[in-house]
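Written below as structure tokens is the structure these notes are about.
Counting begins at 1 with the first residue of the sequence.
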Amino acid sequence: MEASKKEPLIITDKEQMRKWSRTMRSQGKSIGLVPTMGYLHQGHISLVKEALKLTNLTVVSIYVNPGQFAPSEDLSTYPSDFHGDISKLMSVPGGVDVVFHPHNLYDYENDTKRNKNDKGACKNLEGKGEVVSCLEESGMGHETWVRVEKLENGLCGKSRPVFFRGVATVVTKLFNIVEPDVAVFGKKDYQQWRIVQRMVRDLDFSIRIIGTEILRDNDGLAMSSRNVHLSAEERRKALSISRSLLGAKSSAENGHINCRELRDSVIQAVSEAGGRIDYAEIVDQESLQAVEEISSPVVFCIAAWFGKVRLIDNIEINL
């Protein structure tokens with residue numbers, strides 16, 4: 001069967017996006033949303049295919065969100081290929097209905113007076129040692145943040161303190177603009193998926209949140225837009241992450257349930273391969289609290305640097 005070449009409607013204005021969604025919903029159509037930052041790979045496409053199964057219409061958002069990057073992080077070098085993204089989406093059987101590609105979700109009618117004030121406030125925050133994002137540094141005047149206070153603290157939240165408030169805030173904005181019935185997220189970003197689930201529950205969004213399994217390349221590396229920055233040697237060494245996680249899962253299933261021992265084995269394997277560990281934690285799948293022994297469903301989450309690339313991965317262990 002030949003792949004669809006359905007060309008999606010590209011919407012850049014948030015009011016037009018909201019109008020389209022409300023028109024479709026008034027016709028009894030259900031809408032699925034797949035939020036992305038672009039530079040799509042087959043992991044993203046798997047999310048799109050899942051959304052296509054669940055709703056009448058599918059929207060893919062492509063937006064690199066400055067609110068989740070600290071000034072020291074890789075916002076300016078985050079890869080992009082919008083035309084390539086559209087081509088990949090057109091190859092999906094069934095096709096995508098809309099690509100929402102806003103230029104700036106934080107442009108509030110060019111309030112220049114507020115922008116100037118906000119830049120000064122940002123410098124004051126930095127001077128006090130408080131964490132700011134690229135959004136605050138840009139001086140756009142945005143000052144409202146959504147926080148999922150406990151779930152955001154550990155794992156990636158330790159080394160990326162602005163990340164999850166930025167994610168929760170931009171996802172809230174996308175939900176308010178697109179007004180989907182279903183939103184699909186990948187479990188590779190496990191903490192992000194759980195945070196969005198909790199936010200939707202706590203704030204009574206009428207949206208079903210779906211988490212899809214990690215998609216891996218043939219060599220086992222979890223698909224990520226940042227993989228493009230790995231050299232061939234770094235990529236080879238990074239395979240230690242997925243291999244050691246699989247080894248830990250196998251050990252746990254064979255009765256080795258001491259989390260310290262399992263963590264140490266993974267840390268050793270990744271470090272010996274040349275990786276620099278950010279964290280390696282075994283946590284409860286719902287609360288994301290660290291556990292000492294595996295007696296209920298857990299997830300082993302890891303973040304490690306290979307060269308200048310920070311990779312994350314995880315594996316669920318259901319005993």
Side-chain angles (χ1 to χ4, degrees), residues 1-12 14 16-18 20-21 23-25 27 29-65 68 78-102 105 167 170-190 192-197 200 205-218 221-228 312-314:
M1 184 177 175
E2 194 171 318
S4 167
K5 291 297 178 184
K6 176 179 177 180
E7 189 166 351
L9 174 65
I10 298 172
I11 298 178
T12 59
K14 57 188 176 183
Q16 290 180 6
M17 182 70 253
R18 187 179 286 116
W20 180 90
S21 291
T23 299
M24 294 301 110
R25 289 170 70 91
Q27 297 172 9
K29 304 285 180 64
S30 58
I31 298 171
L33 171 65
V34 180
T36 82
M37 295 206 301
Y39 209 72
L40 304 182
H41 51 67
Q42 287 305 307
H44 295 112
I45 299 305
S46 72
L47 307 185
V48 173
K49 289 178 178 177
E50 185 66 22
L52 285 166
K53 296 178 192 173
L54 300 170
T55 55
N56 304 125
L57 302 168
T58 302
V59 177
V60 174
S61 64
I62 295 178
Y63 181 66
V64 180
N65 172 38
Q68 68 195 58
Y78 196 86
S80 66
D81 178 15
F82 184 69
H83 293 296
D85 290 344
I86 297 301
S87 177
K88 288 172 185 173
L89 292 173
M90 287 177 63
S91 74
V92 177
V96 167
D97 297 281
V98 171
V99 170
F100 180 45
H101 183 48
L105 283 179
V167 168
V170 80
V171 170
T172 296
K173 287 169 76 70
L174 289 169
F175 285 174
N176 284 333
I177 294 165
V178 179
E179 299 181 348
D181 299 279
V182 172
V184 184
F185 294 81
K187 286 188 183 180
K188 183 178 79 71
D189 300 285
Y190 201 92
Q192 171 179 279
W193 168 55
R194 288 302 194 191
I195 281 172
V196 172
Q197 275 189 323
V200 163
F205 282 99
S206 182
I207 301 170
R208 182 181 169 201
I209 303 300
I210 302 296
T212 64
E213 300 304 320
I214 297 173
L215 210 64
R216 300 182 182 277
D217 284 318
N218 291 334
L221 189 67
M223 290 186 179
S224 168
S225 298
R226 289 184 170 94
N227 289 352
V228 69
I312 63 171
D313 203 345
N314 67 77

For [X] and [Y], work out which heavy atoms get closest and say how close.
X	Y	result
Val64	Met37	CG2-O, 3.4 Å
Pro8	Met90	CD-CG, 3.8 Å
Gly38	Ser225	O-OG, 3.5 Å

To the nearest 0.5 angstrom, please state how far the [atom1] atom of [X] sits from the [atom2] atom of [Y].
X	Y	atom1	atom2	value
Ile209	Ile195	CD1	CD1	13.0 Å
Asp97	Leu89	CG	CG	11.0 Å
Ser224	Arg216	OG	CZ	12.0 Å
Leu9	Gln16	CG	CD	8.5 Å
Asn227	Leu221	CG	CG	4.5 Å

Inset, instruction - Sequence neighbours left out, what pairs pass side chain to side chain donor-acceptor pair (under 3.5 Å) with at least one residue falling in residues 37-47? - result: none
Do [X] and [Y] come close enough that some side-chain heavy atom pair is under 4.5 Å?
X	Y	answer
Thr36	Leu47	no
Ile312	Tyr190	no
Val96	Val48	yes

Legend entry - side-chain contact (heavy atoms from CB on, under 4.5 Å) partners for Lys29, two or more places apart: Met24, Gln27, Asn56, Leu57
Which pairs of donor and acceptor atoms, one on a side chain in residues 173-187, lie under 3.5 Å apart (sequence neighbours left out)?
{"residue": "Lys173", "atom": "NZ", "partner": "Leu105", "partner atom": "O", "Å": "3.1"}
{"residue": "Lys173", "atom": "NZ", "partner": "Tyr108", "partner atom": "OH", "Å": "2.9"}
{"residue": "Asn176", "atom": "ND2", "partner": "Thr172", "partner atom": "O", "Å": "3.4"}
{"residue": "Glu179", "atom": "OE1", "partner": "Arg22", "partner atom": "NE", "Å": "3.1"}
{"residue": "Glu179", "atom": "OE2", "partner": "Arg22", "partner atom": "NE", "Å": "3.1"}
{"residue": "Glu179", "atom": "OE2", "partner": "Arg22", "partner atom": "NH2", "Å": "2.7"}
{"residue": "Asp181", "atom": "OD1", "partner": "Arg25", "partner atom": "NH1", "Å": "3.0"}
{"residue": "Asp181", "atom": "OD2", "partner": "Arg25", "partner atom": "NH1", "Å": "3.1"}
{"residue": "Asp181", "atom": "OD2", "partner": "Ile31", "partner atom": "N", "Å": "2.8"}
{"residue": "Lys187", "atom": "NZ", "partner": "Glu213", "partner atom": "OE2", "Å": "3.0"}

Do any N or O atoms from the side chain of [X] and from the backbone of [Y] form a donor-acceptor pair under 3.5 angstrom?
X	Y	answer
Thr12	Pro102	no
Asp217	Ala222	no
Asp189	Gln192	no

Inset, instruction - Any chance you could lay out the side chain to side chain contact (heavy atoms under 4.5 Å, CB included) test for Trp193 and Lys188, step after step, and finish with the verdict? - result: CA-CA 9 Å; Trp193 168 55; Lys188 183 178 79 71; over 6 Å; no
Legend entry - Check against side chain to side chain contact (heavy atoms under 4.5 Å, CB included), Met223 and Ile45: CA-CA 11 Å; Met223 290 186 179; Ile45 299 305; over 6 Å; no
Legend entry - Enclosure of Lys88 NZ (heavy-atom neighbours >12, cutoff 6.0 Å): yes
Inset, instruction - Apply the side chain to side chain contact (heavy atoms under 4.5 Å, CB included) test between Val99 and each candidate in Ile86, Val59, Ile11, Asp85; give the one that qualifies. - result: Ile86
Inset, instruction - Determine, stepwise, if the pair Phe205 / Val171 fulfils side chain to side chain contact (heavy atoms under 4.5 Å, CB included). - result: CA-CA 11 Å; Phe205 282 99; Val171 170; over 6 Å; no
